Amino acid sequence: MSVDELNNQEKIWQVVASIPAGCVASYGQVAAMAGLARAARLVGRTLKNLPKDTNLPWYRVVNGQGEISLPKASPVYYIQKQQLEAEGVAFNPNGKINLKKFGWQP
DNA sequence: ACCCTGACTTATT
DNA sequence: CAATAAGCCAGGG
């Protein structure tokens with residue numbers, strides 16, 4: 001296992017941890033901030049690898065459409081939604097977020 | 001080494 | 001607005 005690969009994860013963690021409360025960032029956005037412009041998928045995989053007791057605000061990361069990239073039937077989906085709402089992020093009736101308003105660094 | 005899959009994105013039809 | 005295709009990175013069989 002190379003150090004560089006661990007650095008990628010570390011970068012992603014740092015970027016996700018840098019997302020201000022009340023805002024959301026897309027996977028591509030996070031990847032770009034981490035220096036991995038086209039590794040949006042890697043971000044998703046990295047978050048999936050996170051332990052459930054992580055202190056990382058992974059719930060502030062959504063897909064490019066401002067929608068949670070998880071099945072609505074999954075418990076993690078509700079957790080993410082509740083966490084975001086608790087921070088002031090509003091969801092549309094369709095379950096989408098207005099990135100124009102809550103997107104990170106508009 | 002090869003092929004498939006995945007918490008993705010963007011452009012096109 | 002919805003469905004499709006192609007592109008990209010890393011992991012697992």
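Lettering of chains follows the sequences in order, A, B, ..., and the numbering in each one begins at 1. Hydrogens, waters and symmetry mates are skipped; everything else that's a heavy atom, side chains included, is used. Everything quoted here is computed from the prediction, not taken from an experiment.
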Engineer: Would you classify A:T46 as touching base, sugar-phosphate or nothing, given that sugar-phosphate means primed atoms plus P, OP1 and OP2, and contacts are heavy atoms under 4.0 Å?
Structural biologist: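 Counting heavy atoms under 4.0 Å across all strands, no contact is made by A:T46.
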
Engineer: Can A:W104 and A:R60 be said to form a side chain to side chain contact (heavy atoms under 4.5 Å, CB included), step by step?
Structural biologist: CA-CA 10 Å; A:W104 189 25; A:R60 289 183 193 148; over 6 Å; no

Engineer: Under 4.0 Å from a heavy atom of chain A: give me the 5'-most and 3'-most nucleotides of DNA chain C that qualify.
Structural biologist: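 Span of nucleotides near chain A: C:dG7 to C:dG11.
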
Engineer: What integer distance in Å separates A:Y27:OH from B:dT9:P?
Structural biologist: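 Computing the A:Y27:OH to B:dT9:P distance gives 8 Å.
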
Engineer: After noting the C-alpha distance and the side-chain angles of A:Q80 and A:V62, does the key distance pass the side chain to side chain contact (heavy atoms under 4.5 Å, CB included) rule?
Structural biologist: CA-CA 9 Å; A:Q80 180 165 11; A:V62 295; 3.7 Å; yes

Engineer: When A:N8 is tested against each of A:V43, A:L42, A:T46 for side chain to side chain contact (heavy atoms under 4.5 Å, CB included), which residue passes?
Structural biologist: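 Of all the options given, the one that passes is A:L42.
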
Engineer: Using whole Å, what does the distance between atom P of nucleotide B:dT5 and atom CZ of A:R45 come to?
Structural biologist: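 It works out to 17 Å between those atoms.
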
Engineer: To the nearest Å, give me how far apart CD (A:Q65) and P (B:dA11) are.
Structural biologist: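 My rounded result for the distance is 13 Å.
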
Engineer: Give the rounded distance in Å between these two atoms: CZ of A:R38 and P of B:dG6.
Structural biologist: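 In whole Å, B:dG6 P and A:R38 CZ are 24 Å from each other.
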
Engineer: Okay, side chain of A:S74, backbone of A:Y77: is any donor-acceptor separation there less than 3.5 Å?
Structural biologist: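 No.
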
Engineer: Report yes or no: does A:N94 contribute a side-chain atom to a donor-acceptor pair with the main-chain N or O of A:K96 at less than 3.5 Å?
Structural biologist: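 Absent.
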
Engineer: Evaluate A:I79 against A:Y59 for side chain to side chain contact (heavy atoms under 4.5 Å, CB included), listing each step before the verdict.
Structural biologist: CA-CA 8 Å; A:I79 294 171; A:Y59 46 81; 5.9 Å; no

